[in-house]
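Here is how names work: the chains are called A, B, and so on, in the same order as the sequence lines, proteins then strands, and each is numbered from 1.
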Amino acid sequence: MNLFADIRSLVIDSLNAMSAEGVLPEGLEFSNVAVEPPRDPLHGDMATNAAMVLAKPAKMKPRDIAEKLSEKLAADARIETVDVAGPGFINLRLSEAVWSGLVETVLTTEGFGRSTLGAQKKVNVEYVSANPTGPMHVGHTRGAVFGDALASLLDFAGYDVTREYYINDGGAQVDVLARSVFERYREAHGLSPEIAEGLYPGDYLVPVGEALKEKYGDSLLDKPEEEWLADVRVFATDAMMAMIRDDLKMLGVEMDRFFSEKSLYNTGLIETAIKELDEKGLIYRGVLEPPKGKMPEDWEPREQTLFKSTAHGDDVDRPIQKSDGAWTYFAPDIAYHYDKVKRGYDVIIDVFGADHGGYVKRMKAAVSALSDGKVDCDIKLIQLVKLFKNGAPFKMSKRAGTFVTLRDVVEQAGKDVTRFIMLTRKNDASLDFDFDKVLEQSKDNPVFYVQYAHARICSVLRKAEAQGITLSDTPRFDDSAEIAVARKLADFPRQVEIAAKGHEPHRIAFYLYDLASDFHALWNKGNENEALRFLQDDAELSAAKIALPRAVAVVISAGLAILGVTPAEEMR
RNA sequence: GCACCUUUAGCUCAGCUGGAUAGAGCGCUGCCCUCCGAAGGCAGAGGCCAGAGGUUCGAAUCCUCUAAGGUGCACCA
């Protein structure tokens with residue numbers, strides 16, 4: 001149920017009727033007609049721009065259209081009052097029955113806010129995709145939370161969602177990992193490890209070395225690298241992925257699928273993907289121009305195999321093979337996205353760190369080329385997280401040992417707080433994360449503020465139960481503050497759709513804050529006016545008054561579920 | 001030199017894809033508990049939406065240019 005959509009349908013029906021009656025010309029385009037909450041609630045519950053949007057195509061004055069439309073709308077039982085304001089806005093005030101019906105719907109139907117917007121189209125959300133060479137750090141954390149919440153949001157909005165992780169296990173960095181682990185393996189045998197420059201020094205590899213000893217004993221010690229490298233590589237990446245999965249689990253992130261880059265090699269998938277592009281005339285041998293303005297020192301003209309990505313919106317064509325004939329890293333990426341296209345996704349979303357901004361155009365070009373423009377590819381870039389402690393910047397440095405991992409953050413702040421805070425900024429704006437502030441119990445902390453609203457409601461329900469009150473799904477309104485809360489509830493399905501369309505889960509977090517705010521305001525009004533308290537002397541009246549906060553709790557829970565946050569029943 | 005992102009109240013940020021008098025938190029000023037949780041609420045002050053043009057009934061939002069900051073710019077993954 002989406003009240004805004006319902007009223008919009010009413011507006012559209014009325015407009016069609018006007019066309020049929022000859023008041024409006026036939027064949028007008030109504031897609032721009034919107035029904036939205038007015039900026040100022042004094043104007044009413046909803047407003048439509050219909051008259052202004054149609055003035056030009058209908059060759060009529062906005063006010064004239066508005067007057068006629070108003071008459072039609074006023075005839076509907078749901079509409080209490082209609083008035084025309086400003087340049088031609090039509091403000092609607094809905095009858096109280098609509099609001100009580102809404103609350104009843106929230107309480108009695110499963111999944112209020114769910115949408116059919118996605119029409120079960122298949123969406124692939126790829127996120128995290130951290131290299132399997134170490135633990136996840138804070139930067140990964142934000143991408144993980146964002147991707148996960150986006151996936152949940154799209155699911156809620158009616159898409160068929162797959163959560164996917166791309167394991168970069170095909171490149172040289174996993175050789176480095178294997179060598180690093182081998183040194184820890186030697187260490188496990190009492191030999192002093194030689195952590196050469198360029199190897200991974202982190203002591204998280206110590207237990208991996210020990211585990212390697214468990215499995216192989218001393219049998220690898222005297223062998224040359226080429227004999228152990230492949231085995232150790234597999235062993236080490238498996239160990240790293242196990243660690244990463246544990247980290248993700250702490251955050252409440254569970255993937256549907258892990259896709260290994262390595263699996264692309266030796267299966268012919270890269271060749272097939274490139275061949276596909278070749279058949280579209282998008283592969284050629286050529287020499288790239290050097291970048292203008294800045295000449296790399298070692299630049300020399302080289303003939304390479306290139307992907308004509310400029311045909312699909314990129315700035316320059318991109319090499320897919322090195323001069324020695326080996327694939328560039330871009331080639332498996334193409335193959336991977338080719339695989340996604342072949343798996344039949346309608347929408348492909350990649351969540352990258354902002355430092356990968358340079359790859360956006362080429363990836364979109366690849367998907368566009370591989371799917372003949374049929375698959376929608378969106379790439380979300382996640383900006384940095386800046387850590388603070390007590391308001392002071394908290395420097396992160398691998399070398400100094402103050403390397404803050406996902407695990408550190410979750411252990412200190414908790415899963416729910418971490419997730420919520422990570423979603424209180426747009427993905428393309430950087431985010432300040434203050435270890436002290438996020439645990440603070442004040443309205444300055446949005447997580448607390450929302451949880452507090454939910455906890456207050458739970459408190460009321462506990463008391464109601466203790467009093468033996470039989471709950472009712474039919475609310476009773478005595479004040480505009482209650483209507484304000486109901487109005488905000490009606491906005492939930494709409495916000496879900498807006499957020500889903502824009503791939504912007506942060507909107508849900510902001511919505512919940514607003515809802516909590518309206519609820520707290522109502523609560524406090526009860527301090528001055530006893531008639532507005534939820535618990536009354538009369539049990540039947542209490543039951544009716546409690547319906548609204550119950551509905552708020554339902555929506556808060558649903559919204560938090562999208563964000564992957566567990567609602568709090570009480571604060572402590 | 002070229003791409004992409006950012007610029008909104010003193011500070012940190014929203015702003016429903018072009019709508020009415022641009023919003024919230026912090027900070028500042030003044031109020032509200034014989035109270036269902038004041039861990040809250042109400043009210044006030046605070047703005048040339050970085051700047052300049054343009055598009056139209058209407059622009060923080062779309063286009064162009066400029067300025068400041070960030071990220072990335074051939075075989076590295």
Just checking Tyr513(A) against Tyr449(A), ring centres under 6.0 Å apart? yes
Return no unless some side-chain N or O of Arg507(A) is found under 4.0 Å from OP1 or OP2 of G15(B). yes
Closer than 4.0 Å, any side-chain N/O of Thr328(A) to the OP1 or OP2 of C75(B)? no
Between Glu482(A) and Lys525(A), is there a side-chain N and carboxylate O pair less than 4.0 Å apart? no
Short of 4.0 Å, heavy atom to strand atom, which residues of residues 490-501 of chain A count as contacting RNA chain B? Arg494(A), Ile498(A)
Have Arg456(A) and Tyr452(A) got a donor and an acceptor in their side chains that come within less than 3.5 Å? yes
Determine the interatomic distance between P on G18(B) and the same-named atom on U6(B); round to the nearest Å. 15 Å
For a stem of at least 3 consecutive Watson-Crick or G-U pairs with distances under 3.5 Å, i pairing with j, i+1 with j-1 and so on, which stems involve RNA chain B? B:1-7 with B:67-73, B:10-13 with B:23-26, B:28-32 with B:40-44, B:50-54 with B:62-66
NA contact type, Arg425(A), heavy-atom cut-off 4.0 Å: base, sugar-phosphate, or nothing? sugar-phosphate
Applying ring-ring contact (aromatic ring centres under 6.0 Å, His included) to Phe352(A) and not counting sequence neighbours gives none
In whole Å, what separates the P atom of C26(B) from that of G44(B)? 16 Å
Can you pull out every salt bridge (charged side-chain N to carboxylate O under 4.0 Å, His left out) where at least one residue sits in residues 47-68 of chain A? Sequence neighbours excluded, please. none
Name the pairs: protein N/O against N/O of nucleotides 41-43 of chain B, kept only if under 3.5 Å.
from	atom 1	to	atom 2	distance (Å)
G41(B)	OP1	Tyr449(A)	OH	2.3
G41(B)	OP2	Lys443(A)	NZ	2.8
G41(B)	O4'	Asn524(A)	OD1	3.1
G41(B)	O4'	Asn524(A)	ND2	3.4

Does His43(A) stack onto the base of A20(B), taking stacking as ring centres under 5.5 Å apart and planes under 30° apart? yes
By side-chain hydrogen bond (donor to acceptor under 3.5 Å, both in side chains) - contacts of Lys437(A) (at least two apart): Asp444(A)
When you compare G47(B) with C13(B), how far apart are their C1' atoms, in angstrom units rounded to a whole number? 15 Å
So Asn427(A), base contact, sugar-phosphate only, or nothing? Heavy-atom distance under 4.0 Å. nothing
Identify whether the distance between the nearest side-chain nitrogen and carboxylate oxygen of Arg494(A) and Asp491(A) falls below 4.0 Å. yes
Atom CG of Asp444(A) to atom P of C11(B): distance rounded to whole Å? 16 Å
When rounded to whole Å, the CZ to C1' distance for the pair Phe388(A) and C11(B) reads 12 Å
Between the side chain of Tyr165(A) and the main-chain N/O of Ala130(A), is any donor-acceptor distance below 3.5 Å? yes
Tyr513(A) near the nucleic acid: base, sugar-phosphate alone, or nothing, with a heavy-atom cut-off under 4.0 Å? sugar-phosphate
Across the strands shown, which category fits Ser323(A) at heavy-atom distances under 4.0 angstrom: base, sugar-phosphate, nothing? base
ring-ring contact (aromatic ring centres under 6.0 Å, His included) partners of His454(A), counting only residues at least two apart: none
Salt bridge (charged side-chain N to carboxylate O under 4.0 Å, His left out) involving Asp169(A) - partner list, sequence neighbours excluded: none
Polar side-chain contact Asn49(A)-A20(B) base: donor and acceptor under 3.5 Å: no
Mind calculating the distance between CD1 (Ile320(A)) and C1' (C75(B)) to the nearest angstrom? 12 Å
Using atom CD of Gln173(A) as one end and atom P of A77(B) as the other, report the distance to the nearest whole Å. 8 Å
Looking at residues at least two apart in the chain, or sitting in another chain, which of them share a ring-ring contact (aromatic ring centres under 6.0 Å, His included) with Phe4(A)? none
Distance between P atoms of C16(B) and G54(B) (Å, rounded): 25 Å
Position toward the 5' end of RNA chain B (nearest nucleotide), Tyr329(A) or Phe510(A): Phe510(A)
For residues 351-362 of chain A, the salt bridge (charged side-chain N to carboxylate O under 4.0 Å, His left out) pairs (sequence neighbours left out) are Asp315(A)-Lys361(A)
Assign a letter to each nucleotide of nucleotides 2-7 of chain B from its 5' end: B, base within under 4.0 Å of a protein heavy atom; S, sugar-phosphate only; -, no contact. -SSSS-
Name the nucleic acid region contacted by Asp355(A), choosing base, sugar-phosphate or nothing; use a 4.0 angstrom heavy-atom cut-off, strictly under. sugar-phosphate
Please state the P separation for the pair A59(B) and A52(B) - nearest whole angstrom. 15 Å
Touch class at under 4.0 angstrom, heavy-atom based, for Gly171(A) against every strand present: sugar-phosphate
Syn-anti status, with the boundary at 90° from 0, for the nucleotide U17(B): syn
With sugar-phosphate meaning primed atoms plus P, OP1 and OP2, does Arg39(A) contact a base, only sugar-phosphate, or nothing at under 4.0 Å between heavy atoms? sugar-phosphate
Take atom C1' in C28(B) and the same atom in U34(B), then report the distance between them in whole Å. 32 Å
Between Gly526(A) and Asp514(A), name the one whose nearest nucleotide on RNA chain B is closer to the 5' end. Asp514(A)
Using a heavy-atom cut-off of under 4.0 Å over every strand shown, decide if Glu300(A) touches base, sugar-phosphate, or nothing. base
If you look at every strand shown and take non-hydrogen atoms under 4.0 Å, does Gly502(A) touch a base, only sugar-phosphate, or nothing? base
Return yes if some donor-acceptor pair links the side-chain N/O of Ser309(A) with the main-chain N/O of Ala366(A) below 3.5 Å, else return no. no
Glu261(A) near the nucleic acid: base, sugar-phosphate alone, or nothing, with a heavy-atom cut-off under 4.0 Å? sugar-phosphate
Measuring to OP1 and OP2 of A38(B), would you say a side-chain N or O of Trp523(A) lies under 4.0 angstrom away? yes
Can you measure Met422(A) atom CE to C13(B) atom P for me and round it to whole angstrom units? 15 Å
Mind checking what makes salt bridge (charged side-chain N to carboxylate O under 4.0 Å, His left out) contact with Glu570(A), not counting sequence neighbours? Arg572(A)
From CD1 of Ile457(A) across to P of C36(B) the rounded distance in Å is 17 Å
On a whole-Å scale, what distance lies between the C1' atoms belonging to C35(B) and G40(B)? 11 Å
Can you check C65(B) for me, syn or anti if syn means within 90° of 0? anti
Atom-pair distance (CD on Glu530(A); P on U34(B)), nearest Å: 11 Å
If you look at every strand shown and take non-hydrogen atoms under 4.0 Å, does Ala47(A) touch a base, only sugar-phosphate, or nothing? base
Which value, in whole Å, describes the distance between the P atoms of nucleotides A22(B) and A9(B)? 14 Å
With a 3.5 Å distance limit and no angle check, can you tell me whether Glu504(A) reaches the backbone of Asn427(A) through a side-chain donor-acceptor pair? no
Can you tell me if His506(A) touches the phosphate of G15(B), counting only side-chain N or O atoms and a distance under 4.0 Å to OP1 or OP2? yes
